[in-house]
Amino acid sequence: MAKWLVKTEPSECSIDDFAKQPGTPIPWDGVRNYQARNFLRQMAAGDQVFIYHSSCKHIGIAGIVRVTQSAYPDPAQFDPESPYHDPKSTPEQPRWQAVDMQFVEKLPALISLDRLKNREGLDQLPLVRKGSRLSVMPVSADEWRLILGHTT
DNA sequence: GCCAACGTTGGC
DNA sequence: GCCAACGTTGGC
């Protein structure tokens, strides 16, 4: 089972929004970057995903969700009213994908970006690489374990 | 609010 | 195909 990390602004969708509806799949939509989209396409039901809070007061990994539905065309791309509308997308040739995810757990304590940067073994994780803006990325089993492993 | 780094667009 | 201009991301 593959593992992943996704970034989100908690004002948009936070781990608490998942926690409020523990049995309900929430669409992960609005991804408008090709590299991130390609990773979305590789997600399978059952995959676990770190939720990372960005552009906020407490930056870091806040919890875990899991994929309940693999990639399907993101409806927002067809909606002229949506900020995620893409006029170059058609139902025959959709450019963008969404997946559904649902709550697994909120971490007892946020794992801060600062801590992630200082952890050995995470140098290859795009999240901590200078200038990286990738919002959906794979996490290896080793990285996953390192991230959860120690909390000091 | 600032700004470095990045991705995309479009003229040539 | 190049690359300048522009818009966005995201930490600080």
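Model, not experiment: these values are computed from the prediction. Chain naming here is simple, since letters A, B, ... match the order of the sequence lines and numbering starts at 1 in each.
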Which listed nucleotide (C:dG11, B:dG7, B:dC6) is nearest to the side chain of A:I59?
C:dG11
Given C:dT9, is OP1 or OP2 found less than 4.0 Å from the side-chain N or O atoms of A:Y52?
no
A:A45: partners by side-chain contact (heavy atoms from CB on, under 4.5 Å), with sequence neighbours left out:
none
Within the structure shown, what part of the strands sits under 4.0 Å from A:S55 by heavy-atom distance: base, sugar-phosphate, or nothing?
base
Looking only at side-chain N and O atoms, does A:K57 come under 4.0 Å of OP1 or OP2 in C:dC12?
no
Rounded to the nearest angstrom, tell me the gap between atom CG in A:N33 and atom C1' in C:dT9.
10 Å
Electrostatic pair A:D86:A:R32 at N-O distance under 4.0 angstrom
no
Is the A:W96-A:Y72 ring centre distance short of 6.0 angstrom?
no
In whole angstrom, give the distance that lies between atom NZ of A:K130 and atom C1' of B:dC6.
12 Å
Integer-rounded Å distance: C:dT8 P and A:Q35 CD:
20 Å
For A:K106, look at atom NZ and say whether over 12 heavy atoms of other residues, nucleotides or ligands are found less than 6.0 Å away.
no
Nearest-Å distance for atom pair NE2/C1', residues A:H58 and C:dG10:
17 Å
Residue A:R133, side-chain atoms from C-beta onward, closest of B:dC6, C:dG11, B:dT8
B:dC6
Can you tell me the distance, in whole Å, between the OH atom of A:Y84 and the P atom of C:dT9?
8 Å
In whole angstroms, how far is the C1' atom of C:dG7 from the CG atom of A:D86?
15 Å
Figure out the CZ/P separation between A:R129 and B:dC6, and round it to whole Å.
11 Å
Centroid-centroid distance, A:F50 to A:W144, less than 6.0 Å
yes
How close or far is atom P of B:dT9 from atom CZ of A:R32, stated in whole angstroms?
13 Å
Looking only at side-chain N and O atoms, does A:K7 come under 4.0 Å of OP1 or OP2 in C:dG10?
yes
